[in-house]
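Working notes, structure below.
On a predicted model such as this, the values are computed, not experimentally measured, just so you know.
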Amino acid sequence: MAKGTWLQTIFKWSAVLFIGLFVTVLLVYTVIMSYCNTKILWGYRANRRRVFQEQAAEKAKSDSKGHSETSTANDDPKSTHDTKNDPYILAGFFHPYCNAGGGGERVLWTAIRDIQQNYPHVISVVYTGDTDVDKDAILEKVRTRFNIELEPSLIGFKFLKKRYWVEDAKWPRFTLIGQSIGSIFLGWEALQMVVPDIWIDTMGYAFTYPAARLFAGCQVVAYVHYPTISSDMIGRVASRESGHNNANEVASSPLYTKLKLIYYRCFAFLYAIVGSFAHIVMTNSSWTKGHIDSLWNIKSTVVYPPCDTEAFKDFSIRNRERIVVSVAQFRPEKGHGLQLDAIAQLLKNHPEYRQEPGGNNPQGVQLVMIGSARNTSDQDRIKQLKDKVEELGITDNVTFVVNAPFSELQAWLARSKIGIHAMLDEHFGIGVVEYMAAGLIPVAHNSAGPKMDIVRPYNNQPTGYLAKTSQEFAEAIEKVLSSDDSIVDMQMRARDSVQERFSEKVFGDQLQKCMHEVLSRERVTIYGRKLIDPLPEDEGMGKESIEDTKSAKEK
């Protein structure tokens, strides 16, 4: 056989093999898509009606209690029921740790409150793994921790039983890909419970987007607190810098470093693919936006997290105690260890600040660590921090306050003079904003959100301090402790700065601007614009739900 003929034969069969493989993959994909789409739309989607029925029953029960004394025998509930005001859209918030009480949860509950106030035709459904509490307990914690009141009849909860798939303990190695795969199982469990019109991820589980968009037909909205992977993380591995995401044994080995770089870059590629399935992407800071836009090849919108600046604005600035307060969840990346090292360094440089047993030294400095513990891993971490306090010999200078209600948090912020935040590459830093709103001087890590968005000059004057090492943190704390009355001017600037930029009203306005289209009457689908404002008797709650509402009112 001639050489040319031989090459032509190889090329011909290669083309046939490629086309056959492509057709096979396409057929398999079509079968899987058809099965899953049918399963969801005709099976699991039927669960939607129960959500509307539960809402209607709860609303009717609430209305009957409120009007039982004023109603008369001649009242006809059938004639007064206005179906146009009945909810017909479900907004599903995927937030497996909704009861954690951190900054991410403030975003969740503030967003739901704003939706309730501006879009009464929307029921918010929260998918959570907090199976140890019920709806009433969660809403009560929202009220006490965040000072947020929610309308119970416009919110529902679906309790996930497979949250262990995204727990830290489940994936001691290959955590990124492990938790991402786990989130797929958890997201599928959520969709099986009820399929919403809008899938809103407020915790950063991007690997749930393809199923929500392709299989369930949801509009996918992402509020990204921080990228699951970033060029900074890859850079630290490449430079063999140890940290909470790069163990010492990896950083010290050239081979392990190369393997981890391959792993990280492959994961970044997958992360970019799943991120492209989001219709609307909001990021919480300039730093997060830069990374997400680069990874996902999009243009996201910065929507700063809601900070309850109003709750702290009336605190007196003068006569503050010598307290350094730390407000952050007890998670490994929050830098609590660095804070302890900074206090130990401060006491080494200035022994006069060491507190005596019983707190009798008027010059003594107190570090108060306030934060929530989500699970046993967080509790173990608190124990490790307490052990470190004893090792450093600073027991009398450190206090732990775990799972404090909002009122206790306010009390500590009203007394304290300095707020410390030591997380490297903190995506935003709601705690830092709360410090400044309460009149404290922030001493935050010189990176990401605090550096780029929060501790910025105001009227060309400083509003706080930035640091990286324990020595720099100690020096910044010392500057505040030894300052004269001129520090009051900095406190005032810090408060005015955050009042203008990070209030709950600013968050609500930006959120509504981004999400108005999907929350209102029309939404964009792959088929174009689709009207989802239903006819009162035919869609939405459905005839059965309307009749249930009427029956409940009559009773």
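Residues meeting the side-chain contact (heavy atoms from CB on, under 4.5 Å) test with Ala411, sequence neighbours left out: none.
Side-chain contact of Glu500 with Tyr458: a donor-acceptor pair under 3.5 Å is present, judged by distance alone. In this structure, a donor-acceptor pair under 3.5 Å is absent between the side chains of Ser372 and Asn403. There is no side-chain donor-acceptor pair under 3.5 Å between Glu390 and Thr395. Side-chain contact of Ser497 with Arg501: a donor-acceptor pair under 3.5 Å is present, judged by distance alone. Between the side chains of Ser183 and Trp165, not a single donor N or O lies within less than 3.5 Å of an accepting N or O. Inspection of the His291 and Tyr226 side chains reveals no N or O donor paired with an N or O acceptor under 3.5 Å.
Closest non-hydrogen pair, Gln379 versus Ala373, comes out as NE2-CB, 3.6 Å. Annotation for Asp453 and Ser285: closest pair OD2-CB, 3.2 Å, computed over non-hydrogen atoms. The two residues Cys514 and Val303 make their nearest non-hydrogen contact at SG-CG2, 4.0 Å. Heavy-atom minimum distance, Ala311 versus Phe406: CB-CZ, 3.7 Å. The shortest non-hydrogen separation linking Met423 to His445 is O-CB, 3.2 Å. The nearest pair of heavy atoms linking Gly335 to Ala422 is O-CB, 3.5 Å.
Below 30°, between 30° and 60°, or above 60°: for Phe502 and Phe428 the angle between ring planes is above 60°, a perpendicular geometry. Between His225 and Tyr223, the two ring planes are perpendicular [angle over 60°; tilted spans 30° to 60°]. By the 30° and 60° cut-offs, the orientation of the rings of Tyr271 relative to Phe207 is parallel. In this structure, His421 and Tyr435 have perpendicular ring planes: the angle between them is above 60°, well past the 30° mark.
Checked by atom type and distance alone, the side chain of Thr288 never pairs as donor or acceptor with a backbone atom of Asn284 at under 3.5 Å. Side-chain atoms of Asn99 never come within 3.5 Å of backbone atoms of Val133 as a donor-acceptor pair (strictly under, hydrogens ignored). Side chain of Gln491 to backbone of Gly439: a donor-acceptor contact under 3.5 angstrom is found. Glu426 places no side-chain N or O within 3.5 Å of a backbone atom of Pro450 that could act as its donor or acceptor partner. Side chain of Asp201 to backbone of Thr208: no donor-acceptor contact under 3.5 angstrom is found. Checked by atom type and distance alone, the side chain of Asn397 pairs as donor or acceptor with a backbone atom of Val365 at under 3.5 Å. Between the side chain of Ser294 and the main chain of Gly290, no donor-acceptor pair closer than 3.5 Å is present. Judged purely by atom type and a 3.5 angstrom limit, Thr309 has no side-chain atom pairing as donor or acceptor with the backbone of Ser503. Without hydrogens or angle criteria, Asn360 side chain to Glu356 main chain gives no donor-acceptor distance under 3.5 Å. With hydrogens and angles ignored, the 3.5 Å screen pairs no side-chain donor or acceptor of Ser326 with any backbone N or O of Met369.
If you take NZ on Lys334 and CG on Asp378, they are separated by 11.5 Å, rounding to the nearest 0.5 Å. If you take CE on Met203 and NE2 on His95, they are separated by 4.5 Å, rounding to the nearest 0.5 Å. Annotation: the span from Ile115 atom CD1 to Arg113 atom CZ amounts to 12.0 Å, rounded to 0.5 Å. Taken from CD in Gln366 to CD1 in Ile394, the straight-line distance is 10.0 Å, to the nearest 0.5 Å. For the atom pair CD of Gln512 and CG of Leu519, the computed distance is 8.5 Å after rounding to the nearest 0.5 Å. With rounding to the nearest 0.5 Å, the separation of CE in Met282 from NZ in Lys289 is 13.0 Å.
A salt bridge is defined here as a Lys NZ or Arg NE, NH1 or NH2 lying under 4.0 Å from an Asp or Glu carboxylate O, and Glu391 with Lys388 fails to meet this definition. Asp130 and Arg163 are joined by a salt bridge, as a carboxylate oxygen and a charged side-chain nitrogen come within less than 4.0 angstrom of each other. Salt bridge status for Asp509 with Lys505: present, with a side-chain N to carboxylate O gap under 4.0 Å. Salt bridge status for Arg493 with Asp496: absent, with no side-chain N to carboxylate O gap under 4.0 Å. Of the charged side-chain nitrogens involved, at least one lies within less than 4.0 Å of a carboxylate oxygen, so that Glu58 and Lys135 count as a salt-bridged pair. Contact check on Glu105 versus Arg145 returns no salt bridge, with no Lys/Arg side-chain nitrogen under 4.0 Å from an Asp/Glu carboxylate oxygen.
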- Message: I'd like to know whether Val389 forms a side chain to side chain contact (heavy atoms under 4.5 Å, CB included) with Leu385, so could you lay out the CA-CA distance, the side-chain angles of the two residues, the decisive distance to 0.1 Å, and finally the verdict.
- Response: CA-CA 6 Å; Val389 167; Leu385 290 172; 5.6 Å; no
- Query: Can Glu321 and Ser416 be said to form a side-chain hydrogen bond (donor to acceptor under 3.5 Å, both in side chains), step by step?
  - Reply: CA-CA 5 Å; Glu321 299 177 34; Ser416 305; over 6 Å; no
- Which is it for Asp341 and Gln345 under the side-chain hydrogen bond (donor to acceptor under 3.5 Å, both in side chains) test, yes or no, and what are the steps along the way? CA-CA 6 Å; Asp341 291 335; Gln345 186 65 47; over 6 Å; no
- Could you please spell out the steps behind the side chain to side chain contact (heavy atoms under 4.5 Å, CB included) verdict for Val325 and Val327? CA-CA 7 Å; Val325 68; Val327 180; 4.2 Å; yes
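Within 6.0 Å of CE in Met492 there are 12 or fewer heavy atoms belonging to other residues, nucleotides or ligands. In this structure, Asn297 places its CG atom where only 12 or fewer heavy-atom neighbours from other residues, nucleotides or ligands lie under 6.0 Å away.
The shortest distance between side-chain heavy atoms of Glu504 and Arg106 falls below 4.5 Å. Residues Pro442 and Thr463 form no side-chain contact, since every pair of their non-hydrogen atoms from C-beta on lies 4.5 Å or further apart. The closest side-chain heavy-atom distance from Glu434 to Phe312 is below 4.5 Å. Between Phe93 and Ile198, every side-chain heavy-atom pair lies at or beyond the 4.5 Å cut-off. Side-chain contact between Ile138 and Asp134 is absent, with no heavy-atom pair separated by less than 4.5 Å. In this structure, the side chains of Lys313 and Gln499 come closer than 4.5 Å at one or more pairs of heavy atoms. At a threshold of 4.5 Å between non-hydrogen side-chain atoms, the residues Pro306 and Phe146 do not count as touching. Looking at heavy atoms from C-beta onward, Phe94 lies in side-chain contact with Leu186 at the 4.5 angstrom threshold.
Two rings, from Tyr205 and Trp199, have their centers 6.0 Å or more apart.
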Kindly list each side-chain donor-acceptor pair under 3.5 angstrom involving residues 147-160, sequence neighbours excluded, with atom names and distances?
{"residue": "Glu151", "atom": "OE2", "partner": "Ser153", "partner atom": "N", "Å": "3.2"}
{"residue": "Glu151", "atom": "OE2", "partner": "Ser153", "partner atom": "OG", "Å": "2.7"}

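A side-chain contact (heavy atoms from CB on, under 4.5 Å) with Leu367 holds for exactly one of Leu346, Ile477, Ile420; it is Ile420.
In this structure, Lys479 fails the cation-pi test against Tyr465, since its NZ or CZ atom is not both closer than 6.0 Å to the six-membered ring centre and inside 45 degrees of the ring normal.
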